[in-house]
Visitor: 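Below are the structure tokens for one structure; questions will follow.
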Amino acid sequence: MAAISIYKLSTLYQHARKRKQSLRWPMVRATLEAGSAHPVQDVESDRITWTWNQPFHYGVGNETYTGVYTEGGFSEPDVQRRLELFAESPFFVRYNPDNPTDYFVSPYRDVRENAE
């Protein structure tokens with residue numbers, strides 16, 4: 001169990017670090033592809049939650065890059081609502097200008113920023 005918790009902490013730290021770093025990166029609008037949802041059983045609590053994967057692609061210069069945004073921990077109705085909401089909303093990607101394959105998606109932050 002301790003190994004799982006250490007792994008989760010490490011993952012959260014890496015995510016937070018990249019999120020902060022991405023604030024300095026350019027942002028482009030991405031095109032969404034068909035998203036999908038699936039149940040996941042939590043190994044610590046034995047609880048089943050739903051995870052959603054949202055594939056997308058974005059252009060930088062004359063090149064097109066692909067990615068997947070994943071979010072989890074939802075009930076099935078909640079994840080279905082998110083799939084519908086994201087299909088109707090603008091979706092932005094921040095990319096590393098030195099390596100456009102390196103991207104970060106923060107849909108709630110970046111949609112707000114572009115709405116202002």
Side-chain angles (χ1 to χ4, degrees):
M1 273 233 208
I4 292 172
S5 297
I6 291 170
Y7 172 77
K8 284 184 178 181
L9 285 173
S10 173
T11 301
L12 287 172
Y13 173 76
Q14 290 170 6
H15 180 81
R17 186 172 177 212
K18 191 169 185 178
R19 183 178 196 275
K20 185 176 179 179
Q21 180 183 26
S22 74
L23 286 170
R24 297 186 302 269
W25 293 352
M27 184 169 31
V28 295
R29 191 170 183 155
T31 301
L32 299 179
E33 299 167 14
S36 63
H38 59 278
V40 176
Q41 186 169 1
D42 186 292
V43 294
E44 291 179 2
S45 69
D46 210 30
R47 195 174 117 222
I48 293 180
T49 60
W50 283 74
T51 294
W52 128 67
N53 298 312
Q54 182 61 70
F56 59 87
H57 60 274
Y58 59 101
V60 177
N62 293 327
E63 299 293 323
T64 300
Y65 302 93
T66 61
V68 177
Y69 175 71
T70 301
E71 207 174 328
F74 302 103
S75 68
E76 185 177 9
D78 285 344
V79 82
Q80 292 301 330
R81 277 194 295 275
R82 279 176 168 72
L83 282 167
E84 293 168 9
L85 175 67
F86 272 66
E88 299 168 357
S89 303
F91 192 83
F92 296 93
V93 176
R94 292 182 184 264
Y95 65 91
N96 180 340
D98 297 325
N99 177 12
T101 61
D102 184 16
Y103 65 86
F104 189 84
V105 175
S106 184
Y108 309 105
R109 171 191 73 185
D110 292 335
V111 166
R112 275 194 313 270
E113 185 173 299
N114 278 285
E116 297 172 352

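All figures in this text were calculated on a predicted structure; none of them were measured in a lab. By convention here, the first residue in the shown sequence is residue 1.
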Visitor: May I ask you to test the Pro90-Arg29 pair for a side-chain heavy-atom distance under 4.5 Å?
Guide: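 Yes, their side chains come closer than 4.5 Å.
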Visitor: Could you check Val79, Ile48, Thr49 and say which one makes a side-chain contact (heavy atoms from CB on, under 4.5 Å) with Pro39?
Guide: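 Output: one option passes, namely Ile48.
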Visitor: With rounding to the nearest 0.5 angstrom, report the CD to CZ distance, Glu76 to Arg81.
Guide: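 That separation rounds to 11.0 Å.
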Visitor: Between Leu83 and Ser36, which heavy-atom pair has the shortest distance, and what is it?
Guide: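 Taking every non-hydrogen atom into account, CD2-N, 4.0 Å.
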Visitor: Please name the pair of heavy atoms, one in Trp52 and one in Arg82, separated by the smallest distance, quoted to 0.1 Å.
Guide: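 For Trp52 versus Arg82, the nearest heavy atoms are CZ3-CD, 3.5 Å.
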Visitor: Can you tell if the side chain of Pro26 reaches within under 4.5 Å of the side chain of Tyr95, non-hydrogen atoms only?
Guide: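 Counting from C-beta outward, Pro26 and Tyr95 do come under 4.5 Å.
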Visitor: Determine whether the side chains of Glu63 and Tyr65 contain a donor N or O and an acceptor N or O closer than 3.5 Å.
Guide: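 On atom types as modelled, these side chains do not qualify, holding no pair under 3.5 Å.
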Visitor: Should Phe86 and Phe56 count as side-chain neighbours, where that means a heavy-atom distance under 4.5 Å?
Guide: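 Sidechains of Phe56 and Phe86: no contact.
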Visitor: How many angstroms lie between atom OG1 of Thr66 and atom OH of Tyr103, to the nearest 0.5 angstrom?
Guide: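 Those atoms lie 7.5 Å apart.
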Visitor: Looking at side-chain heavy atoms only, is the closest gap between Phe91 and Val105 below 4.5 Å?
Guide: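 Yes, their side chains come closer than 4.5 Å.
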Visitor: Drop me the distance from Arg19's CZ to Ser106's OG, to the nearest 0.5 angstrom.
Guide: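 Reported to 0.5 Å precision, the distance equals 4.0 Å.
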Visitor: Which atom names give the shortest non-hydrogen contact between Ala37 and Gln80, and what distance separates them?
Guide: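 Scanning both residues completely, I find the closest heavy atoms to be CB-NE2, 3.9 Å.
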Visitor: Identify, with sequence neighbours excluded, every residue that meets side-chain contact (heavy atoms from CB on, under 4.5 Å) alongside Asp98.
Guide: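 Partners of Asp98 by the side-chain contact (heavy atoms from CB on, under 4.5 Å) criterion, ordered by chain and then number, come out as Asn96.
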